[in-house]
Structure formats: structure tokens, C-alpha cells
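Below is one structure, written out as C-alpha cells; the observations come after it.
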Amino acid sequence: MDEQRYLYVSDGWKSEVRRYQLGERNGTLVAGGNGQGDGLNQLNSPGYLFVDRQQNVYVSDWNNNRVMKWNKGAKEGIVVAGGQGAGSALTQLSNPSGLFVDTLGTLYVADTSNHRVMRWSQGATQGTVIAGGNGKGAEAKQLNGPIGLSFDRHGNLYVVDRLNDRVQRFSIE
């Protein structure tokens, strides 16, 4: 939900994201909706969402290995992370999941199949590994299929480390 109490729902089958007001049945298309694909007006298995204060919608586009930003009212999205095919280079993602965008526009993304969390500064062409990235595993410095993330008011990062059945906390500077 955003601050105006709109509910946002990603639909992996229809490759779209819709915004709903309380009591509304059909909602308003805010991302995708042009069939499954990798065009800037398409999504392929959209999953996690983040909505900023301007109602811009960030979507983890799972099968396209990218994160898209759809400005309010836009007909096309902008690739803000990944989009270079699946891989582990700093320009790539592999099945992105959980998202968070801070007030400076910095994007944090759970890079599920690379077992890491990436940070992408606004306008950056590559990201930085801020958690995990040390191979799949159960040690404190490793992740195994991270899917969700969140921050507390002290700037600590919490990562849902799905295949290790745990939530890990990281201090991020």
C-alpha cells in the first residue's frame, strides 16, 4: 500500500501490476499489461513491488532478470537494475525478488539466484554487493535464496534468507 492507501498487486499470469482503491474491482493498470515479454512496456513474471512517495512503482521482473521503475502514469518502464541477462556480474541480476528504495532513490534488491543483496545508486549502470555474494551457504557471510528485505529506523538491513530458514540482520554503512 502507498501513503494514500492504494493497494498495489502484481499479477504474474497477466504480467502486469494494478493499483486498487478500497472497494474497487478492476483497478488501474500501472505497469506492464502488454503481454509477457522483455519490452519496456512489458513484464515477465513480476513479483515484488515497492511504491515510493510519488507513486512510482518499482517491480522485480523475475524472468527478465531486471528491476523496472514505472513513473506514475507512464506507459513504459525504465530498467533501473539488471536487464543484461541472467548472470552474476555487477551489471546483472538473476531472479530478483524483494525491493526497497530509500529517500535518495537508492535501490536495494534481493538477487535470489546469486545469493546476495545488491545496492544500485540512482542512475548507476552497475550495483554493489552489500550482503552475501560469497556463494550459496549457511555461514553468517552467506545467503541461500534471499527473497525479502527491509530496513529498520537505525539503517539495519534484514534479509529473508529463504533456503536457510532464517532472517539475517546486517549493518549497512
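Predicted model, so just to flag it, every value in this text is computed and none were measured. What you see below is based on every heavy atom in this structure, not just the backbone, and it leaves out hydrogens, waters and symmetry mates.
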When rounded to the nearest 0.5 angstrom, what distance separates [atom1] in [X] from [atom2] in [Y]?
X: Lys136; Y: Leu163; atom1: NZ; atom2: CG; answer: 8.0 Å
X: Glu76; Y: Gln42; atom1: CD; atom2: CD; answer: 10.0 Å
X: Ile130; Y: Ser171; atom1: CD1; atom2: OG; answer: 11.5 Å
X: Asp111; Y: Met118; atom1: CG; atom2: CE; answer: 6.5 Å
X: Leu104; Y: Ser121; atom1: CG; atom2: OG; answer: 9.0 Å
X: Leu93; Y: Asn95; atom1: CG; atom2: CG; answer: 9.5 Å

request  = Show your working on side chain to side chain contact (heavy atoms under 4.5 Å, CB included) between Asn156 and Ile172 and close with a plain yes or no.
outcome  = CA-CA 6 Å; Asn156 295 307; Ile172 305 299; over 6 Å; no

Path from [X] to [Y] over hydrophobic side-chain contacts below 4.5 Å:
X: Trp70; Y: Tyr48; result: no
X: Leu99; Y: Val117; result: yes
X: Tyr108; Y: Val129; result: yes
X: Val67; Y: Val101; result: yes
X: Trp62; Y: Val79; result: no

request  = Take Gln55 and Gln4 through the side-chain hydrogen bond (donor to acceptor under 3.5 Å, both in side chains) test and state the conclusion after the steps.
outcome  = CA-CA 9 Å; Gln55 293 182 317; Gln4 288 79 35; 3.3 Å; yes

Non-hydrogen atoms of [X] and [Y] that approach each other most closely:
X: Leu157; Y: Ala131; answer: CD2-CB, 4.4 Å
X: Ala140; Y: Phe170; answer: O-CE2, 4.1 Å
X: Ala31; Y: Val59; answer: CB-CG2, 4.3 Å
X: Pro96; Y: Arg66; answer: CG-O, 3.5 Å
X: Thr28; Y: Glu24; answer: OG1-OE2, 4.1 Å
X: Ser97; Y: Pro146; answer: OG-O, 4.1 Å

Any side-chain to backbone donor/acceptor pair from [X] onto [Y]? Under 3.5 Å, distance only.
X: Ser15; Y: Leu43; answer: yes
X: Gln126; Y: Leu90; answer: no
X: Thr112; Y: Ile147; answer: no
X: Arg53; Y: Asp2; answer: no
X: Arg18; Y: Gly27; answer: yes
X: Asn164; Y: Arg166; answer: no
X: Glu16; Y: Val30; answer: no
X: His115; Y: Gly145; answer: yes
X: Asn34; Y: Asn41; answer: yes
X: Arg116; Y: Ser88; answer: yes

Is any side-chain heavy atom of [Y] closer than 4.5 Å to one of [X]?
X: Val167; Y: Arg169; result: no
X: Phe151; Y: Phe100; result: yes
X: Leu143; Y: Val159; result: yes

task = Apply the test side chain to side chain contact (heavy atoms under 4.5 Å, CB included) to residues Val17 and Val9: give CA-CA distance (whole Å), side-chain angles for both, the deciding distance (0.1 Å), then the verdict.
result = CA-CA 6 Å; Val17 176; Val9 178; over 6 Å; no

key: Other residues, nucleotides, ligands: >12 heavy atoms within 6.0 Å of Asp152 CG   = yes

message = Can you tell me which residue among Asn64, Asn44, Asn63 is in a side chain to side chain donor-acceptor pair (under 3.5 Å) with Gln36?
response = Asn44

query = Does Arg19 make a cation-pi contact with Tyr6 (under 6.0 Å, within 45 degrees of the axis)?
reply = yes

task = Decide side chain to side chain contact (heavy atoms under 4.5 Å, CB included) for Thr106 and Gln122; before the verdict, give the C-alpha distance in whole Å, the side-chain angles of both, and the deciding distance to 0.1 Å.
result = CA-CA 5 Å; Thr106 303; Gln122 193 170 23; 5.9 Å; no

request  = Name the orientation class of the two ring planes belonging to Tyr58 and Phe50 (parallel below 30°, tilted from 30 to 60°, perpendicular beyond 60°).
outcome  = perpendicular

inquiry  = Walk me through whether Val80 and Met68 qualify under side chain to side chain contact (heavy atoms under 4.5 Å, CB included).
reply    = CA-CA 6 Å; Val80 292; Met68 299 287 289; over 6 Å; no

message = Determine whether the aromatic ring centres of residues Tyr20 and Tyr8 are separated by less than 6.0 angstrom.
response = no

